[in-house]
Each structure stands twice: as C-alpha cells, then as structure tokens.
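In what follows, every heavy atom counts, from backbone to side chain, and hydrogens, waters and symmetry copies are set aside. For ligands, and for the atoms within them, numbers begin at 1 and follow the listed sequence.
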Amino acid sequence: MVPQWVIEKKRDGGRLDDVEIRAFIEGFTAGSIPEYQMSALAMAVFFRGMDTGETAALTEAMRCSGDTLDWAGCPFPTADKHSTGGIGDNLSLMLAPLAATQGVAVPMISGRGLGITGGTLDKLDSIPGYDTRLGTDRFREIVTSVGCSIIGQTARLAPADKKLYALRDVTGTVPSIPLITASIMSKKLAEGAASLVFDVKFGHAAFMKTKAEAERLAESLVRTGKTAGRRCVALLTGMDRPLGRAAGNAVEVAEAVETLRGEGPADKRRLTLALTEEMVALSYPGRPRHEIASALAKALDDGSALRKFREMVEAHGGNARFLDDPTHLPQAGTVLEIPAPAGGFVQDVDADAIGRIVLQLGGGRKAVTDAIDYAVGIDRLVQQGESVEKGQPLMRLLANDAATAEALVRQAAAAVTIGAEKPETVPLVAGRFE
Ligand code: URA
C-alpha cells in the first residue's frame with residue numbers, strides 16, 4: 001500500500017477497500033505513516049465522505065489498534081450507552097445501576113469533559129475514594145459481580161483513535177460523520193458490550209447543532225454498530241437547555257443520587273428511564289416494553305437502583321457516605337443566588353451559557369491539562385415553563401471565591417429568559433433510530 005495513492009483515491013471521490021483502510025490505520029498507529037499523510041486522508045474523508053462499508057472498515061481498523069474486551073464469561077447480557085455530550089448530562093450515573101437491577105451487565109468506559117460539556121469521569125472523580133483507573137481484571141470482576149462499573153478510558157483502548165482525534169482537533173477535520181462514527185464506535189466496540197444505545201444530542205450546546213445533523217450521525221452509528229454485529233438503538237434528544245437543575249461535577253453526583261431515590265428533576269428521570277428501557281429491551285428482546293418500563297420506575301422508587309449504585313461506588317473504593325449526606329461531596333466555599341430581574345414564566349435557559357459559566361467557575365477545563373474544581377458549579381437552576389416571582393433565585397452559583405462568582409452574575413442572569421406567556425415545551429426525545 002502506497003499511502004499517497006490511498007489519499008489521492010479518496011481525494012478524487014473513490015471508494016477505499018478494507019485492505020487499504022486497515023493498512024493505513026496500522027501504519028499510522030505504528031508510526032510508519034506520518035501525521036501529515038493521516039491529516040491529508042482525514043481532510044479527503046471530510047470532503048468526500050465514506051459509505052457504510054468504508055466507515056465500518058475504518059471503525060474495525062481503529063478498534064483493532066489496541067486491546068478489546070470480551071464478555072463471553074459474563075452471566076448477564078452486556079449493554080452500554082453513549083451520549084454525544086451535553087450540559088447537566090449525568091445520566092450514566094443513574095442508568096448503569098438502573099440497568100443492572102434488571103439483569104443487564106453494564107461495562108461502561110467513559111471520557112472526560114470536552115469543551116463546555118461535562119464528562120462522566122470527572123463527575124465520578126468528585127466522589128471521595130472512587131477509583132476510575134482500575135485495570136481490566138478488576139473492571140471485569142465488578143461488572144460480573146455488581147452488574148455495572150464505570151471507569152476511564154485506558155491508553156490501550158483504540159489508541160489509533162486517540163492519535164487521530166488529536167490530529168483532527170488541529171486540522172479542522174472533527175465534524176465529519178464517518179470520522180466521528182469511527183471514533184466513537186471503535187472505543188465502544190473495543191469495550192465489547194453486545195448492545196449499544198446512543199443518546200445523540202442536538203442544539204446549540206451540543207456537538208451536532210441541528211436535528212438533521214444529529215439524524216445523520218444517529219443513523220451512521222446504528223448502521224456501523226449493526227455491521228459489527230451489535231444490537232443498536234439511537235435516541236435523538238434536544239440540548240438547547242440543560243438537563244435537570246445542576247451543572248458541575250459534585251452537584252451532578254448529588255442530583256444523580258436524588259434521581260436514584262425516585263426524586264430529582266422530572267426531565268432527568270424520564271430520559272434515564274427511556275434510555276435504560278432501550279438497553280433492557282435490546283438485552284431481553286422477548287420482554288414486553290410496558291413490563292420493562294414499570295420495573296425500571298419501581299427500581300428507582302423502591303431504592304434498588306440506589307443500592308446498586310452504592311455497591312458500585314464501594315467496589316471502586318469510594319466512600320458511600322455521600323449517599324446519605326451530600327455534604328460528604330466536595331463543597332464550594334461561596335454560594336451566590338442570582339435573583340430574577342422580573343416575574344413571569346421561564347421561556348428559555350441557555351445551556352451553552354450555563355456550560356460556559358461552569359467552565360469559568362473552574363468546573364471544566366480550558367486546556368486538557370487543567371485541573372478541575374469538583375465543588376463548583378450551578379444548582380437549583382430554574383427550568384423552562386416554570387413561573388418565577390421578581391427577586392426569586394434563578395440559580396445558585398457555587399464558587400470557591402466570592403470574586404469569581406461576582407464576576408459571573410450578569411452572565412448568569414442573562415442565561416435565563418423570562419416572559420409573560422407560558423412557553424410551549426418541546427418533547428425530550430425527538431426521534432429514534434434502530
Ligand atoms: N466524541 C468522540 O469520541 N469522537 C469524536 O470524533 C467526536 C466525539
């Protein structure tokens with residue numbers, strides 16, 4: 001294989017075969033194909049696209065660049081969920097133990113926050129003692145004995161993706177459906193779960209800005225997953241407004257605990273139930289949907305999902321005291337309420353603005369190497385459609401010093417729009433692909 005011939009073929013709109021794609025990715029991973037040639041191919045793919053077969057071959061080549069997990073000895077069917085990321089999106093924390101209550105084993109390998117969107121891994125790292133860096137053997141033991149485990153991505157899982165993502169980030173080649181698909185799917189397939197549910201978000205705080213783009217990504221993920229022999233479903237969900245009432249790390253863990261108690265914001269509960277239902281239905285195809293739905297609601301209301309979460313936290317070495325008393329999570333030194341400038345109905349809560357505020361409070365990273373402050377964030381955030389009185393708090397800023405919080409007051413007030421009429425709310429789930 002001559003790398004420049006492969007680049008030229010794609011540049012001219014040709015179709016790459018499996019052998020060319022595999023050889024290119026192997027060469028790039030091993031270092032014999034330099035970054036400039038990989039970048040050129042990524043740009044050619046960006047402009048020319050890839051068909052389903054090419055995307056599947058690229059995914060497979062990237063999956064095989066590192067370790068792959070096999071769950072053949074696990075007594076339960078395995079399933080996982082991937083979200084394309086949003087503000088207040090802590091659903092993995094509830095969904096993994098909830099699915100485990102129904103005999104689904106959840107081996108979940110999560111990432112850190114990307115841009116303004118939070119990452120499950122950062123949220124788990126805010127739990128005192130919780131070890132997100134367990135080796136594969138312990139991960140396997142916990143998934144098999146508890147039913148769910150969430151850890152961080154290891155350097156040995158799809159290393160070609162790690163290398164290629166870093167290049168795409170600096171060569172303008174991130175927003176390409178085949179490249180995004182191969183990136184997400186190579187990691188998910190290496191993790192080995194038999195069923196995969198995708199939460200593809202769209203809106204101004206999401207990676208995909210429009211519903212049409214999200215549909216294309218959802219279709220591509222599902223098609224590629226099925227080509228690789230996995231059972232897959234994708235839900236399209238809106239990300240113009242944050243999910244729930246909290247954004248940050250420790251605050252989102254606290255809100256997950258409320259939801260696992262059968263309390264918490266209604267939108268989080270509904271979306272957690274919807275996604276977990278898909279995981280259970282894919283894992284047990286004969287089980288009636290209505291029966292799955294009521295078993296899941298019961299598991300949230302009767303404390304079984306919370307017990308599973310406690311087992312998972314303890315298996316990871318975490319101190320589970322925060323489950324009974326949230327003050328055992330990192331606490332911010334300064335709490336500042338943002339008063340409503342007028343009374344009326346909440347028309348909109350700008351998820352993008354909320355994400356930016358959390359980042360400036362120190363709850364996200366400006367550079368990959370930045371340390372996160374787990375205690376800071378936003379809580380008690382109003383939601384679209386609620387009525388507020390003038391002066392009533394719209395949210396609380398949780399900061400580690402008063403000056404940082406004060407500097408964000410205007411931005412925080414501007415993130416919420418208030419008007420006289422009660423707004424129409426959009427459905428939480430806007431589409432489904434299987
Ligand atoms: N998330 C990923 O893992 N990869 C992409 O390319 C985009 C989002």
Side-chain angles (χ1 to χ4, degrees), residues 21 25 28-29 35 38-39 41-47 49-50 54-63 65-66 68 80-87 89 91-92 107-122 150-193 196-210 213-225 228 230 232 234-237 239 355 364-365 368:
I21 292 174
I25 293 299
F28 172 61
T29 312
E35 292 188 342
M38 187 72 242
S39 306
L41 182 63
M43 191 57 88
V45 171
F46 176 87
F47 282 115
M50 278 183 148
E54 289 175 294
T55 308
L58 179 62
T59 304
E60 182 61 9
M62 284 166 50
R63 177 183 81 88
S65 66
T68 56
D80 189 14
K81 181 236 25 165
H82 176 83
S83 159
T84 56
I87 310 299
D89 183 1
L91 301 189
S92 296
M108 191 178 272
I109 299 184
S110 292
R112 303 213 168 275
L114 202 66
I116 57 164
T117 62
T120 301
L121 208 54
D122 297 323
I150 311 180
I151 59 167
Q153 195 184 336
T154 69
R156 295 158 62 109
L157 197 90
D161 173 58
K162 198 171 168 62
K163 230 177 143 185
L164 179 53
Y165 193 89
L167 267 192
R168 287 168 57 212
D169 208 18
V170 291
T171 55
T173 51
V174 169
S176 147
I177 298 275
L179 295 179
I180 296 172
T181 302
S183 168
I184 293 174
M185 292 304 289
S186 59
K187 289 173 281 199
K188 286 289 141 189
L189 297 180
E191 175 194 282
L196 295 169
V197 174
F198 301 100
D199 179 3
V200 182
K201 302 210 175 280
F202 63 95
H204 57 253
F207 201 53
M208 299 282 123
K209 300 296 172 205
T210 65
E213 280 178 83
E215 275 168 356
R216 287 204 300 132
L217 179 58
E219 266 188 285
S220 176
L221 290 168
V222 168
R223 256 192 275 120
T224 309
R230 311 299 163 96
C232 298
L235 298 186
L236 295 187
T237 67
M239 190 27 77
R365 295 182 183 82
V368 241

> Can you list every pair that meets side-chain hydrogen bond (donor to acceptor under 3.5 Å, both in side chains) and has a residue in residues 152-162, with sequence neighbours left out?
Replying inline: Asp67-Arg156, Asp161-Ser183, Asp161-Lys187

> Short list, please: which atoms of ligand 1 are under 4.0 Å from a heavy atom of Phe207?
Replying inline: 7 (C), 8 (C)

>> With a 4.5 Å cut-off on side-chain heavy atoms, are Ile180 and Phe207 touching?
In response: yes

> Which atoms of ligand 1 have any heavy atom of Tyr165 under 4.0 Å away?
Replying inline: 4 (N), 5 (C), 6 (O), 7 (C)

> Residues in side-chain hydrogen bond (donor to acceptor under 3.5 Å, both in side chains) with Glu215, at least two apart?
Replying inline: none

> With no hydrogens and no angle check, do the side chains of Lys201 and Thr84 hold a donor and an acceptor under 3.5 Å apart?
Replying inline: no

> Which ligand 1 atoms does Lys187 reach within 4.0 Å, using its non-hydrogen atoms?
Replying inline: 2 (C), 3 (O)

> Does the side chain of Lys81 pick up a donor-acceptor pair with the side chain of Ser92 at under 3.5 Å?
Replying inline: yes

> Any N or O on Arg168 sitting closer than 3.5 Å to an N or O of ligand 1?
Replying inline: yes

>> Can you name the atoms of ligand 1, numbered from 1 with element, that are less than 4.0 Å from a heavy atom of Ile180?
In response: 6 (O), 7 (C)

> What atoms of ligand 1 come within less than 4.0 Å of a heavy atom belonging to Ser183?
Replying inline: 2 (C), 3 (O), 4 (N), 5 (C), 6 (O)

